[in-house]
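Just below is one structure, and these are the notes that go with it.
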Amino acid sequence: MNRYIINGGKELHGEVTIGGAKNAALGIIAGALLTDETVTIDNLPNVSDINVLLEAIRSIGATVDRVNDHEVKICGATISSEVVDSEYIQKIRASYYLLGALIGKRGSATVAMPGGCEIGARPIDQHLKGFRALGVRCEEKDGCVVAKVQNLRGSHIFLDVVSVGATINIMLAAVLASGTTILENAAKEPHIVDVANFLNSMGARIKGAGTDIIRVYGVERLHGTYYSIIPDQIEAGTFMCLVAATKGDVTIKNVIPKHLESITSKLQEIGVTVDESDEEVRVIADPGTRVHSTQIKTRVYPGFPTDMQPQITAVLMLAEGYSVVNESIFENRFRYVDELRKMGADIFVKADQTSARIHGVRSVKGAEIIVPDLRAGAALTIAALAAQGKTTMHCVDYIERGYEDFDGKLRSLGADIIKVSD
Ligand code: EPZ
């Protein structure tokens with residue numbers, strides 16, 4: 001594992017370019033297996049979750065040719081097995097998208113139950129509910145999901161829970177089914193829309209992505225395509241929170257401002273300047289003033305994203321007054337607070353882990369801390385860069401699951417951060 005050594009207290013200045021959306025790219029890579037023709041995916045983030053999934057599809061026989069760090073050509077025609085090796089699969093959560101893609105294309109899939117960050121129970125019952133509605137026989141055996149279907153047929157599915165993963169997975173399984181699938185209570189995140197647009201560029205017929213009712217009209221086959229992934233709104237939001245906490249003036253390029261609305265609005269509410277242009281946002285935080293306190297409630301899109309909850313908490317720990325952050329999506333997403341308290345943050349997490357009450361402090365100090373998961377790692381980096389003195393952060397490989405060259409981008413903005421091997 002790697003660690004960061006950070007000397008905090010420096011303002012950030014300059015500009016940073018955001019990469020492709022990890023959580024769109026994962027569904028799109030799986031979707032590329034739905035045709036026997038070659039699919040070219042561009043603006044791919046060069047992060048470990050993506051590279052693990054590419055290895056997983058290569059391990060079942062798919063042809064994967066890296067054009068460069070951010071572009072890959074995939075051809076599923078050479079797949080020789082529908083059994084996905086658990087060595088790769090348990091490293092990431094999005095491995096479950098291979099269930100939807102292999103069911104959709106080949107009518108059969110055996111995939112180890114997904115791994116991922118320990119932020120909650122993260123069941124996949126809604127994924128299986130959708131597959132079963134399409135006529136798929138699914139059983140859990142020896143830590144794997146074993147799925148088989150003779151005739152994949154469209155169905156009317158109402159998700160009990162708004163689930164990003166289940167929405168994408170059911171789309172993947174339904175595009176080649178006979179008949180129409182109506183998916184209600186669907187997730188509306190930008191990456192859902194990106195996956196739907198990608199599948200439509202292959203000849204799928206998906207309507208309503210981005211609303212809570214998605215219609216998939218089954219087609220006979222899909223063809224190859226060239227597709228470029230949308231920018232990652234969580235990476236963008238993370239850099240916006242970084243500036244809010246360290247103070248400074250940073251232009252964040254290659255963003256879709258509309259995808260950032262809930263984050264922009266909250267930062268403006270607490271006193272941070274956010275100027276939007278077509279494809280960039282400029283964030284200015286005055287070193288002479290503390291941000292104001294506020295209330296945060298994480299909600300499904302377009303609400304405040306749960307994937308930004310740790311990062312905004314790291315900003316509010318330095319705010320003037322009391323803030324409350326309520327986490328409504330995952331059951332165990334405040335594990336990083338103990339690490340912030342080592343730095344002097346005054347935060348109390350309710351016993352049921354549903355909310356954190358933050359009493360803003362004027363400053364925090366560097367400490368030796370451990371990263372528990374991906375977005376917590378981003379938040380702890382924000383705190384360390386805003387802290388006075390030196391911080392050593394262990395297990396930063398979690399961060400590299402979702403942020404490309406994070407320390408390099410931070411150094412380019414004036415941060416004093418180096419990465420060393422543990
Ligand atoms: C995706 O996870 C993202 N991961 C997560 O990002 C993100 O936090 C989450 O969506 C919510 O936006 C990927 O896209 C790879 P869900 P996913 O299904 O699909 C419950 C990151 O940091 N649920 O929308 O697993 C679930 O327990 C990661 O990039 C069921 O009950 O999230 C949770 O409480 C972290 N049954 C809620 O729904 C199911 O079958 C939302 O989960 C599925 C989900």
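None of the values given here were measured: they were computed from a predicted structure. Numbering of ligands and ligand atoms starts at 1, following listing order.
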Quick look: Ala166 vs ligand 1, heavy-atom contacts under 4.0 Å, and the answer is neither
Closer than 4.0 Å to some heavy atom of Lys22 - which atoms of ligand 1 meet that? 21 (C), 29 (O)
On the 0 to 90° scale, with breaks at 30° and 60°, tag the His127-Tyr96 ring pair as parallel, tilted or perpendicular. tilted
Which one of Thr306, Asp49, Asn169 has a non-hydrogen atom at the shortest distance from atom 11 (C) of ligand 1? Thr306
Ligand 1 atoms in contact with Arg333 (distance to a heavy atom under 4.0 Å): 8 (O), 22 (O), 35 (C)
Does Tyr96 come within less than 4.0 angstrom of ligand 1, counting non-hydrogen atoms of the residue? yes
Check whether any side-chain heavy atom of Val325 sits under 4.5 Å from a side-chain heavy atom of Gln309, and report yes or no. yes
4.5 Å side-chain heavy-atom contact, Val219 and Leu176: yes
Test your reading of the structure: does Asn23 have an N or O sitting under 3.5 Å from an N or O of ligand 1? yes
Do Arg411 and Asp407 meet the salt-bridge criterion of a basic N to acidic O distance under 4.0 Å? yes
Backbone, side chain, both or neither: what part of Arg93 comes under 4.0 angstrom of ligand 1, heavy atoms only? side chain
With ring centroids as reference points, do Phe406 and Phe239 lie under 6.0 angstrom apart? yes
Would you mind running through ligand 1 and noting each atom that sits below 4.0 Å from a heavy atom of Gly165? 18 (O), 19 (O)
For Leu26, the ligand 1 atoms whose distance to one of its heavy atoms is below 4.0 Å: 15 (C)
Side-chain (Arg106) to main-chain (Glu82) donor-acceptor, under 3.5 angstrom: no
Relative to the ring of Tyr336, is the ring of Phe334 parallel (under 30°), tilted (30 to 60°) or perpendicular (over 60°)? tilted
Applying a 4.0 Å heavy-atom criterion (strictly less than), which segment of Asp125 is in contact with ligand 1: side chain, backbone, both, or neither? both
Main chain of Cys138, side chain of Arg132: is a donor-acceptor contact present, judged purely on distance under 3.5 Å? yes
Check Ile329 against ligand 1 and report side chain, backbone, both or neither, counting heavy atoms closer than 4.0 Å. both
Does a sphere of radius 6.0 Å around CG in Asn151 hold more than 12 heavy atoms from other residues, nucleotides or ligands, not counting ones at 6.0 Å or beyond? no
Look only at interatomic distance and state if Arg122 has a nitrogen or oxygen under 3.5 Å from any nitrogen or oxygen of ligand 1. yes
Which atoms of ligand 1 are found less than 4.0 Å from any heavy atom of Gln126? 36 (N), 39 (C), 40 (O)
Using a 4.0 Å cut-off to any heavy atom of His127, which atoms of ligand 1 qualify? 40 (O)
Salt bridge flag under 4.0 Å for residues Arg401 and Asp373: no
Looking only at distance, does Val164 have an N or O less than 3.5 Å from an N or O of ligand 1? yes
Note: heavy atom closest to atom 23 (N) of ligand 1, options Ala94, Pro123, Pro310, belongs to Pro123
Flag if over 12 foreign heavy atoms under 6.0 Å of CG, Asp160: yes
Regarding ligand 1, does Ile119 bring an N or O atom to under 3.5 Å of one of the ligand's N or O atoms? no
Could you list which atoms of ligand 1 come closer than 4.0 Å to a heavy atom of Arg375? 21 (C), 22 (O), 29 (O)
